[in-house]
Amino acid sequence: MFAAERRQLILEMVRANGAVSLRELARVVQTSEVTVRRDVRALEAEGLLDRRHGGAVLPGGFTRESGFPQKSHLATAEKTAIADLAAGLVEEGEAIVVGAGTTTQELARRLARVPGLTVVTNSLLVAQALAHANRVEVVMTGGTLRGSNYALVGSGAEQSLQGLRVSRAFLSGSGLTAERGLSTSNMLSASVDRALVQAAAEVVVLADHTKLGTDTMFQTVPTDVITRLVTDQPPAHDDRAATELQALADQGVQIAVAGSGDAGDDTAPAGRQPPRRDVALPGPRRSQMPGGGPQLRSTSAVLGEQPQSERARVADLRRR
């Protein structure tokens with residue numbers, strides 16, 4: 001494919017989706033991310049798009065919201081990894097709220113296996129993913145259906161959340177920055193997300209690396225309200241995404257990175273692996289040695305610790 005053809009296809013993808021990662025662009029045009037980055041830089045110089053952390057967006061500083069068909073095909077592997085990690089935060093018998101989005105839909109598919117769970121949601125996709133989970137109770141908000149993301153929005157949705165209190169809220173969005181927190185491109189969606197946050201003791205944001213550093217029109221969750229961010233490992237060359245993660249961590253957000261070895265409640269500072277946990281392997285019992293830590297001692301070693309003279313005396317007594 002010639003450079004002009006590549007750049008035209010890149011431009012069409014960005015116009016259709018609002019925001020596209022370099023990884024996805026490279027996959028579609030079948031070339032390296034280095035080449036795609038050069039193409040994006042050339043298109044930015046012409047004012048046709050703007051570069052963002054690990055991707056490209058429509059020009060003007062704020063991305064428009066993509067429709068569900070486009071979102072569902074973007075960063076699918078990353079969303080799966082994020083959902084796997086986030087599902088480990090949910091405990092049996094817990095009550096949570098789950099917002100709308102393709103990443104939260106992936107999370108819902110994994111929550112179907114958690115017994116005694118109660119999920120409050122304004123997303124038809126989340127409810128559909130849990131519809132056949134006989135051990136999970138699903139509570140839908142009221143509201144008006146927004147077809148582009150299959151979510152219930154408006155005053156009906158917000159009023160149905162009044163007086164509700166749950167342990168955690170799991171939310172996604174169109175962009176995440178350390179300066180403004182989570183944001184989205186639609187005013188009605190932002191308003192419902194804020195109501196979901198008000199109902200939860202903790203807020204967990206699910207966002208792949210392409211959303212880091214992206215700012216959109218309506219703030220939903222300020223940074224100081226976000227308890228934890230579950231994201232994927234940014235590409236090695238994406239220094240700006242790593243910088244954004246560090247800025248979020250500096251503001252007190254716990255960062256859990258899918259694919260970096262994190263699990264459950266373990267969190268890692270941005271850009272660093274979590275501390276390694278040593279797990280005792282099966283083997284001989286441990287016995288405490290005076291003046292030192294636990295040491296491994298085999299059965300033969302313990303039985304052979306009698307002094308030589310004592311063993312000789314015992315053998316002589318047996319002969320008698």
Side-chain angles (χ1 to χ4, degrees), residues 9-29 31-37 39-41 43-44 49-86 100-107 149 171-185 205-217 220-221 226 229-248 253 255-260 270-271:
L9 181 55
I10 289 170
L11 191 57
E12 290 174 0
M13 288 183 64
V14 173
R15 285 173 175 170
N17 299 308
V20 188
S21 69
L22 291 177
R23 187 180 302 171
E24 185 70 13
L25 290 171
R27 185 187 67 82
V28 171
V29 301
T31 188
S32 68
E33 290 188 28
V34 174
T35 301
V36 167
R37 190 179 297 106
D39 291 336
V40 168
R41 198 174 289 123
L43 291 169
E44 183 184 44
L49 52 74
D50 289 342
R51 285 186 296 160
R52 285 293 183 269
H53 299 182
V57 301
L58 290 174
F62 297 99
T63 62
R64 69 175 178 84
E65 185 177 29
S66 306
F68 173 76
Q70 292 81 22
K71 286 183 178 180
S72 62
H73 293 95
L74 293 176
T76 53
E78 291 85 347
K79 292 172 183 177
T80 298
I82 290 169
D84 287 338
L85 183 55
T102 52
T103 311
T104 51
Q105 180 188 23
E106 287 295 323
L107 171 63
N149 64 346
L171 298 176
S172 187
S174 302
L176 177 66
T177 65
E179 181 180 358
R180 291 186 71 219
L182 190 67
S183 62
T184 187
S185 302
V205 170
L206 312 181
D208 65 78
H209 74 273
T210 64
K211 296 178 181 178
L212 298 176
T214 299
D215 203 0
T216 51
M217 290 184 67
T220 57
V221 190
I226 299 173
L229 165 65
V230 184
T231 187
D232 63 297
Q233 186 72 51
H237 61 266
D238 195 350
D239 294 335
R240 289 183 294 181
T243 300
E244 198 71 45
L245 280 177
Q246 187 62 61
L248 287 162
V253 178
I255 310 295
V257 181
S260 69

- Message: Rounded at 0.5 Å granularity, tell me how far CG in Asp232 sits from OG1 in Thr80.
- Response: 11.0 Å

- Query: With no hydrogens and no angle check, is any side-chain donor or acceptor of Lys211 less than 3.5 Å from a backbone partner on Gly173?
  - Reply: yes

- Query: After noting the C-alpha distance and the side-chain angles of Val36 and Val29, does the key distance pass the side chain to side chain contact (heavy atoms under 4.5 Å, CB included) rule?
  - Reply: CA-CA 8 Å; Val36 167; Val29 301; 3.9 Å; yes

- Message: Let's go through His209 and Glu78 carefully: what are the C-alpha distance in whole Å and the side-chain angles of both, what is the deciding distance for side chain to side chain contact (heavy atoms under 4.5 Å, CB included) to 0.1 Å, and is it a yes or a no?
- Response: CA-CA 8 Å; His209 74 273; Glu78 291 85 347; 4.0 Å; yes

- Any donor and acceptor pair, going by atom type alone, linking the side chain of Thr214 with main-chain N or O of Gly175 inside 3.5 Å? no

- Message: Whether the side chain of Ser172 engages the backbone of Gly101 through a donor-acceptor N/O pair (distance < 3.5 Å, no angle test) should be reported.
- Response: no

- Short side-chain to backbone donor-acceptor contact, Arg180 and Thr216, under 3.5 Å: yes

- Message: Name the residue from Ile10, Thr35, Leu9 that meets the side chain to side chain contact (heavy atoms under 4.5 Å, CB included) definition with Leu25.
- Response: Ile10

- Answer whether the closest heavy-atom distance between the side chains of Leu171 and Val221 falls below 4.5 Å. yes

- Query: Checking Glu33 side chain against Ala26 main chain: does a donor-acceptor pair fall under 3.5 Å?
  - Reply: no

- Answer yes when Asp208 and Lys79 have at least one side-chain N-carboxylate O distance shorter than 4.0 Å, and no when they do not. no

- If you count the non-hydrogen atoms of other residues, nucleotides and ligands that lie under 6.0 Å from CD in Glu44, is the total more than 12? yes

- Item | Nearest-0.5 Å distance that lies between atom CG in Leu212 and atom OG1 in Thr177 | 9.5 Å

- For Leu49 and Val40, run side chain to side chain contact (heavy atoms under 4.5 Å, CB included): C-alpha distance rounded to whole Å, both residues' side-chain angles, the deciding distance at 0.1 Å, then the answer. CA-CA 8 Å; Leu49 52 74; Val40 168; 3.7 Å; yes

- Query: Out of Leu248, Ile226, Thr231, which residue meets the side chain to side chain contact (heavy atoms under 4.5 Å, CB included) rule with Val205?
  - Reply: Ile226

- Option passing side chain to side chain contact (heavy atoms under 4.5 Å, CB included) with Val230 (candidates Ile255, Leu85, Leu107): Leu85

- Nearest-0.5 Å distance, CG of residue Asp215 to CG of residue Leu176: 9.5 Å

- Looking at Ile82 and Ala258, what are the two nearest heavy atoms and their distance? N-CB, 4.0 Å

- Message: Looking at Thr220 and Leu182, would you say the former's side chain and the latter's main chain have a donor-acceptor pair under 3.5 Å?
- Response: yes

- Item | Straight-line distance of Thr102 OG1 to Gln105 CD, nearest 0.5 Å | 7.5 Å

- Message: Once rounded to the nearest 0.5 Å, what's the spacing between atom CZ of Arg37 and atom CZ of Arg41?
- Response: 7.0 Å

